[in-house]
2 protein chains.
Amino acid sequence: MKLSTRTRYGVRAMLDLAENAKKGPLQLKIIAQRQDISAKYLEQLMAILKSAGLVRSIRGAKGGYVLAKDPNQIRLNQVFHCLEGPVTTAECVENEDYCRRTADCAVRHVWIQVRQAIEDVLQSTTLQDLTDKAKEQGMPDYQI
Amino acid sequence: MKLSTRTRYGVRAMLDLAENAKKGPLQLKIIAQRQDISAKYLEQLMAILKSAGLVRSIRGAKGGYVLAKDPNQIRLNQVFHCLEGPVTTAECVENEDYCRRTADCAVRHVWIQVRQAIEDVLQSTTLQDLTDKAKEQGMPDYQI
DNA sequence: TAATATACTACCAATTTAGTAGGAATAGCC
DNA sequence: GGCTATTCCTACTAAATTGGTAGTATATTA
């Protein structure tokens, strides 16, 4: 059970944007450099984040990306879901009809618990929480 | 973020063994049939479970598999780990040296929380818990 | 119009997943 | 001993996923 780089890179990019939320559009190239992510790959991730309504883009010279909402309005589960997809511990968790046993399957119940535990953590954390924490620990902006 | 069939099949096989813990060796073919798993594939999974010390095998006619320990001594995290591998939400969670920021990285902290949440659920559930639950709900043995 | 950005489409190599295939070794039973 | 049932072992493979790269089109500013 592993997180994809999509999600990890995406969260870091979002956090970089959150740090710079008040400084106007931030260019992809800058984020890519600071976060050690291939610019071309990050481009794809930004497209996903954009279509999920989490960032807005400004094209052309002096363009870049900005968060679509306040950092305290963006929860990690949103970022996670659009990049990583749903937390599907098992097919039967998403789809009740997948198996005839779903109604009272003991194993399914565990997978549901696992999913819920993950969601709880992600849902309870906003980008703001993370930038606050970073500041508190005196990290320079680029070290997110 | 998805569970592999390895893990899902493996847990079901283990639970089937737990249900039949007192009836002597259970043959792979029977488990495969009852659980709708390719026998040849399950064979590989049982090899993993065996080398992890979770099941024992008896070769030859009338052979089969039995749990290596009491159902209440086998926790799901053990089964999970040997089949799914460690819960590596991010490389830096396992390996402190992976990134220069690990010491106080806010993102890393979230991934650690996620991992812990998963482990807590799995660690708190034994095979016995699951078979009890199944019985409580009056499921026939084969419907695990 | 030149420079700077994002947007879009297509492609690709490596890895992982979820199996299949075939036979060797072992044990019980007649 | 010989037959049968069963696990054990090794190798192969098709499909999907991952983590990119490449090239071009489009928009914006100066």
Side-chain angles (χ1 to χ4, degrees), chain A residues 1-13 16-17 20 23-33 35-68 82-86 88-91, chain B residues 1-13 16-17 20 23-33 35-52 54-68 80 82-86 88-91:
Chain A
M1 202 170 211
K2 249 173 90 180
L3 280 181
S4 62
T5 60
R6 261 214 295 289
T7 302
R8 294 187 290 108
Y9 291 178
V11 169
R12 275 157 57 198
D16 205 333
L17 286 169
N20 294 276
K23 303 179 190 161
L26 185 55
Q27 284 121 43
L28 190 146
K29 197 173 24 169
I30 307 288
I31 303 176
Q33 270 169 18
Q35 301 296 330
D36 263 319
I37 301 170
S38 141
K40 275 301 199 180
Y41 188 43
L42 184 57
E43 199 177 295
Q44 291 172 49
L45 309 188
M46 294 310 287
I48 297 172
L49 291 166
K50 187 185 169 188
S51 72
L54 294 172
V55 303
R56 282 187 306 112
S57 66
I58 296 103
R59 296 178 69 158
K62 306 263 176 180
Y65 292 90
V66 291
L67 293 182
C82 76
L83 293 167
E84 188 80 20
T88 51
T89 40
E91 185 60 33
Chain B
M1 201 168 211
K2 250 172 89 179
L3 280 182
S4 62
T5 60
R6 260 214 296 288
T7 302
R8 294 187 289 107
Y9 291 178
V11 169
R12 276 158 56 199
D16 204 334
L17 286 169
N20 295 275
K23 303 180 193 163
L26 186 54
Q27 285 121 42
L28 190 145
K29 196 172 29 167
I30 307 288
I31 304 176
Q33 270 168 18
Q35 301 296 331
D36 262 319
I37 301 172
S38 141
K40 275 301 199 180
Y41 187 42
L42 184 57
E43 206 176 273
Q44 292 172 50
L45 309 188
M46 294 311 287
I48 297 173
L49 291 166
K50 188 186 170 188
S51 72
L54 294 172
V55 303
R56 283 189 303 112
S57 65
I58 295 102
R59 296 178 72 160
K62 305 266 177 177
Y65 292 90
V66 291
L67 293 182
F80 189 96
C82 76
L83 292 168
E84 188 79 21
T88 50
T89 39
E91 186 59 34

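Labels below follow one simple rule: chain letters A, B, ... track the order of the sequence lines, proteins then strands, and each chain is numbered from 1.
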Between [options], spot the one nearest the side chain of [X], thanks.
X	options	value
A:Tyr65	C:dA7, C:dA18, C:dA5	C:dA7
A:Ala61	C:dG28, D:dT7, C:dT4	C:dT4
A:Lys62	D:dT29, D:dT6, C:dT6	D:dT29
B:Lys50	D:dC8, D:dT18, C:dT6	D:dC8
A:Lys40	C:dT26, D:dA22, D:dT4	D:dA22
B:Ser57	C:dG19, D:dC8, C:dA7	D:dC8
A:Thr5	D:dG19, D:dC9, C:dA7	D:dG19

Tell me whether the side-chain N/O atoms of [X] come closer than 4.0 Å to OP1 or OP2 in [N].
X	N	answer
A:Ser38	D:dG19	no
A:Arg6	D:dG19	no
A:Tyr9	D:dG19	no

Roughly how many Å is it from [atom1] in [X] to [atom2] in [N], rounded to a whole number?
X	N	atom1	atom2	answer
B:Asp36	C:dG19	CG	C1'	15 Å
B:Met46	D:dC9	CE	P	14 Å
A:Ile31	C:dT6	CD1	C1'	12 Å
B:Lys29	D:dT4	NZ	P	13 Å
A:Gln44	D:dG23	CD	P	15 Å
B:Glu43	D:dC8	CD	P	8 Å
B:Arg56	C:dA27	CZ	P	14 Å
B:Leu3	C:dA18	CG	P	10 Å

With rounding to the nearest 0.5 Å, note down the distance linking [atom1] in [X] to [atom2] in [Y].
X	Y	atom1	atom2	answer
B:Cys82	B:Lys50	SG	NZ	14.0 Å
B:Leu45	B:Ile37	CG	CD1	7.0 Å
B:Leu49	B:Tyr65	CG	OH	9.5 Å
A:Leu17	A:Leu26	CG	CG	5.5 Å
B:Glu84	A:Lys2	CD	NZ	11.0 Å

Side-chain (B:Gln27) to main-chain (B:Gly63) donor-acceptor, under 3.5 angstrom: yes

Touch class at under 4.0 angstrom, heavy-atom based, for A:Lys2 against every strand present: nothing

5' priority, DNA chain D, between A:Glu84 and B:Ile58 [closest heavy atom]: B:Ile58

Under-3.5 Å donor-acceptor pair between B:Arg59 side chain and C:dA27 base: no

